[in-house]
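Only this structure's heavy atoms are used, side chains among them; waters, hydrogens and symmetry mates stay out. Every value quoted in this text rests on a predicted model; they were computed, and no experiment measured them. Every number for a ligand or one of its atoms is a count from 1 in the order of the listing. By convention here, the first residue in the shown sequence is residue 1.
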Amino acid sequence: MDLYEYQGKELFRRFGIPVSEGRLATTPEEARAAAEELDAPVVVKAQVLTGGRGKAGGVKLAATPEEAEARAQDILGLDINGHVVRKLWIERASDIAKEYYLSVTFDRGEKKSLFMLTTQGGVDIEQVAEESPDALARLHVDPLEGYQPWQARRLIYAVGIDDLSEQKQVLAIVGKLYRAFVECDAMLCEINPLIVTPDGEVRALDSKFTVDDNALYRHADVAEMRDVAAADPLEAFAREKGVTYVKLDGDVGILGNGAGLSMSTVDVVAHVGGRPANFCDLGGGGDAEGVVDALEVITRDEAVRSIFFNIFGGITRCDVVARGILQALERLDMSGYPIVVRLDGTNADEGREILAHAGRPNIYPEATMLDGARRAVELAQAA
Ligand code: GDP
Ligand code: MN
């Protein structure tokens, strides 16, 4: 789950990382009031879950409350990379002498977290990595040893931060960022830019904070930060139902058991000339409850014309899935949809037998993924 800048900064603040004071605003009037309270000049910042807001006109300085109101008027409703601005963060403006970059993320290859620091912050970090890789210091932290202050020192010396006071402040921020990263079960904590003011104060001017969805159950406060209104309503419904679902723009609804198989199914449907309506993973089970939930989610998409179950029985047996599908159809009216069911693996014959004798004319059992995909595409086009 990605957090908005203002939410990431709230977490930064809790861990003692210096940030500027600010207020949330959703209207130009609120922006004006915030600027008054903060004693303008302020910076008016679009809160959207995408980067590059500055370049897109979503970050503007305002010298007075009147100007803050006008800038808020400009930015609210702006479309930034497909994200419409509905919230603003009004922050007391900072004077900037230098812009650094600091992040901690996972290096899955190394199975360790990875710090990155450069004094060439403010811009796209990918650009720095490409154009001047030597300017980017990288350092892994072994999860068992944990973070040690010498690691921050090594980073600081590597990028040539030589002012003593700056060194001290960056050292403290690196340690706090690591704590925030670990204690929040984050996948990414990024500060770009980490600024140095003309007075020599080091502060986080931006925040990118991503928390592992699978750990949200132990961070109720972070889980509450989710912006339900900004989410796609279908994906929000799926999340509510506990279904792993991604909406695509075709007409063949897809259910697989297992993420890998579901993804392959999306590919195979496209391969035979069809257009997948979604990616949906039933997971390990095949019980009626899970099937009902998944079908409810998939059929909320009005573009869906046919449904393709692609099941490979391993530990989950095909006969159990077949019964689960039939039970689900008792509870849901699916008579308007042709349903292709490909069963393979453990007890596949038995499963197909069960479906064949169920007396449901809209069920089409198939033995292979390719045949199943062809049939589902055909039926979608005929519907
Ligand atoms: P991003 O474009 O989405 O990464 O948004 P940032 O929060 O990083 O802001 C973009 C740029 O706006 C920064 O790199 C700064 O140069 C500038 N900026 C943001 N806040 C301030 C501020 O308080 N004062 C000044 N002078 N510039 C700011
Ligand atoms: Mn930034």
Side-chain angles (χ1 to χ4, degrees), residues 2-13 17-25 31 34-65 67-68 70-72 74-105 115-129 131-132 135-136 170 173 177 180 186 188-210 227 230:
D2 294 330
L3 301 183
Y4 287 107
E5 173 196 5
Y6 78 93
Q7 297 170 324
K9 281 181 168 170
E10 162 62 22
L11 294 178
F12 282 174
R13 200 184 52 74
I17 296 167
V19 290
S20 305
E21 206 191 331
R23 302 272 186 281
L24 203 61
E36 264 159 18
E37 269 181 60
L38 293 166
D39 202 6
V42 293
V43 54
V44 180
K45 307 184 78 175
Q47 296 301 290
V48 279
L49 297 175
T50 178
R53 295 165 302 160
K55 271 187 216 153
V59 177
K60 297 273 191 224
L61 285 162
T64 63
E67 237 179 81
R71 295 293 82 76
D74 299 339
I75 297 174
L76 281 167
L78 209 65
D79 186 309
I80 302 182
N81 308 324
H83 298 254
V84 179
V85 183
R86 310 211 177 283
K87 287 193 279 195
L88 300 169
W89 179 240
I90 314 296
E91 182 174 279
R92 184 168 292 142
S94 306
D95 289 327
I96 303 177
K98 300 175 198 165
E99 294 189 313
Y100 298 165
Y101 168 101
L102 171 68
S103 70
V104 54
T105 182
F115 272 117
M116 287 193 272
L117 176 66
T118 172
T119 54
Q120 300 185 13
V123 293
D124 225 6
I125 195 61
E126 283 80 11
Q127 196 181 328
V128 177
E131 289 168 12
S132 34
L136 187 64
V170 174
I173 291 172
L177 195 67
L188 168 72
C189 290
E190 182 189 86
I191 308 176
N192 187 27
L194 177 68
I195 60 155
V196 184
T197 67
D199 301 337
E201 194 197 325
V202 181
R203 204 183 314 143
L205 211 65
D206 191 6
S207 141
K208 226 184 227 174
F209 208 119
T210 308
D227 188 350

Notebook entry, point to check: Is the shortest distance from a Lys or Arg side-chain nitrogen in D227 or R86 to a carboxylate oxygen in the other one below 4.0 Å?
Noted result: no
Check: How long is the gap from CG on L11 to OG on S207, to the nearest 0.5 Å?
Finding: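 Reported value, rounded in 0.5 Å steps: 7.5 Å.
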Checklist line | Separation between OH of Y101 and CG of L117, rounded to the nearest 0.5 Å | finding: 10.0 Å
Out of all atoms in ligand 1, which are within 4.0 Å of some heavy atom of [X]? Include the element for each.
| X | answer |
| --- | --- |
| G52 | 2 (O), 3 (O) |
| A93 | 23 (O) |
| S94 | 22 (C), 23 (O), 24 (N), 25 (C), 26 (N) |
| N192 | 8 (O) |
| P193 | 8 (O), 14 (O) |
| K45 | 6 (P), 7 (O) |

When you measure from [atom] to every protein heavy atom, which one gives the shortest distance, and what is it?
| atom | result |
| --- | --- |
| atom 3 (O) of ligand 1 | R53 NE, 2.7 Å |
| atom 8 (O) of ligand 1 | D206 OD2, 3.0 Å |
| atom 27 (N) of ligand 1 | I96 CD1, 3.4 Å |
| atom 11 (C) of ligand 1 | V59 CG1, 4.7 Å |
| atom 21 (C) of ligand 1 | L205 CD2, 3.5 Å |
| atom 10 (C) of ligand 1 | G54 CA, 4.2 Å |
| atom 14 (O) of ligand 1 | E99 OE2, 3.1 Å |

Margin query: If we check side-chain contact (heavy atoms from CB on, under 4.5 Å) with E5, which of these qualifies: K208, R53, K87?
Written below: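 Exactly one candidate clears the test, R53.
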Do side-chain atoms of [X] reach the backbone of [Y] as a donor and acceptor pair under 3.5 angstrom?
| X | Y | value |
| --- | --- | --- |
| S94 | I96 | no |
| T118 | A135 | yes |
| D206 | I191 | no |

Check: Measuring to protein heavy atoms, does anything land under 4.0 Å from atom 19 (C) of ligand 1?
Finding: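 Neighbour list for atom 19 (C) of ligand 1 includes protein heavy atoms (cut-off 4.0 Å).
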Checklist line | Chi angles and distances behind the side chain to side chain donor-acceptor pair (under 3.5 Å) call for E91, Y6 | finding: CA-CA 10 Å; E91 182 174 279; Y6 78 93; over 6 Å; no
Check: If you look at D206, which of its N/O/S atoms is nearest to the Mn ion (ligand 2)?
Finding: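 For D206, the N/O/S atom sitting closest to the Mn ion (ligand 2) is OD2.
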Next item on the list: Could you check T197 against R203 for side chain to side chain donor-acceptor pair (under 3.5 Å), going step by step and ending with a plain yes or no?
Entry: CA-CA 8 Å; T197 67; R203 204 183 314 143; 5.1 Å; no
Notebook entry, point to check: If you look at every heavy atom in P198 and D95, which pair is closest and at what distance?
Noted result: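 Here P198 and D95 meet closest at CD-O, 3.3 Å.
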Next item on the list: Search all heavy atoms of V85 against all heavy atoms of I75 and return the closest pair with its distance.
Entry: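 What the structure gives for the nearest pair is CB-O, 3.5 Å.
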Note to self: Tell me the contacting part of D95 for ligand 1: side chain, backbone, both, or neither, using a 4.0 Å heavy-atom threshold, strictly below.
What the structure shows: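 Neither part.
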Margin query: Would T50 count as being in polar contact with ligand 1, using the rule that some N or O on each side must be under 3.5 angstrom apart?
Written below: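 Checking ligand 1 against T50, no N or O pair falls under 3.5 Å apart.
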